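Heads up, the thing below is written out as structure tokens.
Per chain, numbering begins at 1; letters A, B, ... match sequence-line order. What you are looking at is a predicted structure, and each value in this text was computed from that prediction instead of being measured.
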There are 2 protein chains.
Amino acid sequence: MKITLKDIARELDVSISTVSKALKNSEEISRDTKEKVQAFAKLYNYKPNNIAISLKNKRTKNIGVVIPDIVHHFFTTVIRGIEKYANARGYNVIVCLSEESFDKEVINMEMLANGSIDGFIMSLSSETQQKGDYNHLKEVTEQGIPVVLFDRITNEIDCDKVIIDDELGAYRATQKLIEQGRKRIALITTDDYLSVSKARTMGYKKALIDSGLGVDESRILKLPTMEMDEEGIKDFFEDHPDVDAVLCVNEIFAVYSMRLAQEKGLKIPEDISFIGFTDGFLSKYAYPSLTVVAQHGEKMGEISAQMLIDKVEGEKEEEETFQTRTLEPTLVIRDSIFH
Amino acid sequence: MKITLKDIARELDVSISTVSKALKNSEEISRDTKEKVQAFAKLYNYKPNNIAISLKNKRTKNIGVVIPDIVHHFFTTVIRGIEKYANARGYNVIVCLSEESFDKEVINMEMLANGSIDGFIMSLSSETQQKGDYNHLKEVTEQGIPVVLFDRITNEIDCDKVIIDDELGAYRATQKLIEQGRKRIALITTDDYLSVSKARTMGYKKALIDSGLGVDESRILKLPTMEMDEEGIKDFFEDHPDVDAVLCVNEIFAVYSMRLAQEKGLKIPEDISFIGFTDGFLSKYAYPSLTVVAQHGEKMGEISAQMLIDKVEGEKEEEETFQTRTLEPTLVIRDSIFH
DNA sequence: TATCAACACGAAACCGTTTTCGCTTCATGT
DNA sequence: ACATGAAGCGAAAACGGTTTCGTGTTGATA
């Protein structure tokens with residue numbers, strides 16, 4: 001069905017090399033032959049086989065993206081950023097989901113590491129961060145496959161990294177709430193093994209301490225995972241009827257918390273304020289709309305892709321040098337706090 | 001860095017064929033040699049090169065997914081379904097975004113069609129459906145590359161298809177609203193060139209007619225695209241202060257409409273009811289929570305992947321036979337209508 | 001002792017390209 | 001008349017595997 005160089009060569013009674021060169025407009029080949037070959041190729045819609053070229057060049061023009069999850073808005077926007085940038089540079093994106101599982105992460109990487117891709121863009125699964133086992137990443141980098149880590153990163157691996165300043169984001173958000181006179185600010189987060197949650201918790205605490213309010217550990221709810229735990233949040237608010245502001249590490253926790261508050265008859269933001277992380281549809285279309293720390297996922301994706309492709313295409317000569325790009329979070333003010 | 005058969009052969013002073021066979025536990029090779037080779041391979045962590053195998057087998061074990069968009073929940077869940085199923089069968093998923101553009105869709109397909117993938121799973125871009133130009137699909141199927149179309153499909157192409165019964169979904173939703181005594185039911189949709197919008201509009205009209213209410217075309221708002229058009233919706237409600245229920249073709253239109261209603265002081269569902277399409281986070285965590293026609297995206301993804309892989313791996317002998325799987329939509333009742 | 005199967009392995013083709021190198025052929029200069 | 005060089009093309013290796021077929025050795029058998 002698909003035509004190859006060999007087919008053209010046979011039909012036109014020339015050698016495969018001649019066809020190959022003719023199609024590349026090589027100086028070596030006469031005008032006549034080139035025209036003949038090119039016309040034939042166009043007629044039969046010849047397109048070189050990517051796999052053969054990959055084998056020859058040892059370059060696939062594929063990049064592997066391994067992320068914990070795809071339904072949450074943040075990761076979705078990152079993929080979009082990666083895809084747009086990568087596509088513009090002629091790369092395809094292979095997406096693998098670890099679903100927060102260490103084993104799946106390992107398996108996915110092994111599948112891809114055997115020639116299918118030129119490099120990885122990853123965000124670590126929670127299980128991986130919890131175990132602290134990064135051997136699969138080490139193996140891959142030792143094989144010379146470039147890796148870019150974004151958002152959920154680790155210091156144990158030497159590679160390029162792209163993050164937002166989560167601590168700063170949480171700090172500013174908390175500060176904003178304090179400025180508006182909030183005194184009893186709760187934090188709904190996840191266990192500290194998630195690098196981002198840890199940083200956000202630190203920012204939250206720092207803001208409280210800097211303003212002289214001090215940290216009340218009981219006002220911090222640490223859920224086991226990023227998965228929604230409606231009961232956990234409900235119980236927390238039962239136990240803490242006095243909180244006047246809530247910072248959440250994602251938008252779902254925040255929007256759900258807002259609903260609980262509304263169901264108890266509280267006015268937002270008059271009685272209680274909310275700020276979340278991730279600037280997705282939920283935040284924008286919630287009622288009231290949610291103030292968030294925007295993570296600029298698409299930008300992160302773009303930058304990750306750029307760093308990876310630059311490394312992939314770069315000369316191997318220069319000794320390895322890794323950089324960490326830190327993006328500044330932005331506070332998007334909406335109706336869940338005072339304007 | 002990566003070890004090859006040739007390396008092993010040289011080190012162990014045997015031929016490449018022997019190594020290949022030994023690693024596959026061929027009967028041809030003696031116990032001694034097999035053990036020697038296998039031990040060496042394990043020690044140096046030999047893994048066969050996927051690209052070489054692809055070239056030989058003319059099978060990549062990659063499937064190409066071309067969709068208009070990735071940030072909307074529906075497509076996200078479809079990808080997840082595809083990825084899960086495909087991964088379980090040893091396939092990788094290459095995701096390409098057409099971003100509703102005909103040209104991008106064509107370019108993406110051409111990139112992938114030259115050997116990078118074994119088959120396509122696609123949902124048509126709105127521009128493609130508008131133009132009605134499906135030559136890129138024809139070319140691909142004529143090359144013998146299997147295609148599965150989901151959700152946004154066309155009858156012009158012979159291939160496997162997976163859809164939900166959009167007309168039935170809209171019919172049932174409308175019927176539900178009518179049962180609850182609604183008389184002036186609006187529809188917020190997009191232009192009819194989108195296959196799904198067209199079907200949903202038909203279901204809506206059919207329900208109105210069947211119940212004797214009759215269709216008032218002025219109560220149908222056709223937005224140009226699936227993109228949010230806040231002004232358009234706002235104007236529509238200004239012009240139609242009397243509607244007592246709204247059916248929307250996605251969840252964003254619905255949730256935004258709910259907010260407009262709330263801002264005007266209307267009570268949901270006492271004064272006005274809302275039903276959307278797509279059972280995502282927005283619907284679930286909106287306030288009030290939104291009743292929706294669930295599209296079962298993950299299931300669609302799974303089925304699409306299964307149909308595609310079955311076709312890819314199936315014997316070419318049997319004459320081509322294509323099927324269309326129609327999933328039944330489910331009405332998920334929440335607080336935006338009476339229970 | 002000649003024959004023959006079984007055994008263990010290697011050579012080579014093949015998948016579809018790219019690319020280096022060498023071989024003709026012909027025109028040019030001396 | 002003959003070396004020289006360029007023009008135009010082909011052979012072959014290479015990328016990393018799989019697989020078919022052939023071949024040399026061994027031991028058993030007639």
> Nearest-Å distance, CD (A:Glu28) to P (C:dG22)?
Replying inline: 13 Å

>> Expressed as a whole number of angstroms, how long is the span from B:Lys58:NZ to C:dC14:P?
In response: 13 Å

> Are any of A:Ser20's side-chain N or O atoms less than 4.0 Å away from OP1 or OP2 of C:dT18?
Replying inline: yes

>> Should the side chain of A:Lys21 and the base of C:dT20 be counted as holding a donor-acceptor pair, with the cut-off at 3.5 Å?
In response: yes

>> Rounded to whole Å, please give me the gap between CD1 in A:Ile16 and P in C:dC14.
In response: 11 Å

> Can you tell me how far C1' of C:dA11 sits from CG of B:Leu5, to the nearest Å?
Replying inline: 15 Å

> Rounded to whole angstrom units, what separation is found between the CD1 atom of A:Ile51 and the C1' atom of C:dC14?
Replying inline: 16 Å

> With sequence neighbours left out, what residues match A:Leu55 under side-chain contact (heavy atoms from CB on, under 4.5 Å)?
Replying inline: B:Ile51, B:Ala52, B:Leu55

> For A:Asn87 and B:Asn108, does a side-chain donor sit closer than 3.5 Å to a side-chain acceptor?
Replying inline: yes

>> Return whichever of B:Ile3 or A:Ser15 has its heavy-atom-nearest nucleotide of DNA chain D closer to the 5' end.
In response: A:Ser15

>> Base, sugar-phosphate or nothing for A:Thr33? Non-hydrogen atoms, less than 4.0 Å.
In response: sugar-phosphate

> Between B:Glu100 and B:Glu105, does a side chain to side chain contact (heavy atoms under 4.5 Å, CB included) hold up when you go through it step by step?
Replying inline: CA-CA 8 Å; B:Glu100 306 287 10; B:Glu105 191 173 288; over 6 Å; no

> Do A:Lys56 and C:dT17 share a donor-acceptor pair, side chain to base, under 3.5 Å?
Replying inline: no

>> So, does A:Thr4 get its side chain near the phosphate of C:dC15, meaning an N or O under 4.0 Å from OP1 or OP2?
In response: no

>> Under the criterion side chain to side chain contact (heavy atoms under 4.5 Å, CB included), I'd like the reasoning laid out for B:Gln323 against B:Lys161: C-alpha separation, chi angles, the key distance, then a yes or no.
In response: CA-CA 6 Å; B:Gln323 46 174 325; B:Lys161 289 158 196 166; over 6 Å; no

>> Distance check needed: C:dT24 P versus A:Ile29 CD1, whole Å only.
In response: 18 Å

> C:dC15 C1' sits how many Å from B:Asn49 CG, rounded?
Replying inline: 13 Å

> Within a radius of less than 6.0 Å around OH of A:Tyr193, do more than 12 heavy atoms belonging to other residues, nucleotides or ligands occur?
Replying inline: yes

> Does A:Asn50 reach the main-chain N or O of B:Met111 with its side chain, forming a donor-acceptor pair under 3.5 Å?
Replying inline: yes

> Less than 4.0 Å between a side-chain N and a carboxylate O, is that true for A:Glu313 and A:Arg59?
Replying inline: no

>> Here's a test of your reading of the structure: between B:Ser17 and B:Ala52, which maps to the more 5' nucleotide of DNA chain C?
In response: B:Ser17

> Would one find a side-chain N or O of B:Thr18 under 4.0 angstrom from OP1 or OP2 of C:dC9?
Replying inline: no

>> Rounded to whole Å, please give me the gap between NZ in A:Lys47 and C1' in C:dG16.
In response: 16 Å

> For B:Ser30 and C:dC9, is the shortest distance between a side-chain N/O and OP1 or OP2 below 4.0 Å?
Replying inline: yes

>> Quick check for you: name the first and last nucleotides of DNA chain D, 5' to 3', having an atom under 4.0 Å from a heavy atom of chain B.
In response: D:dC15 to D:dC21

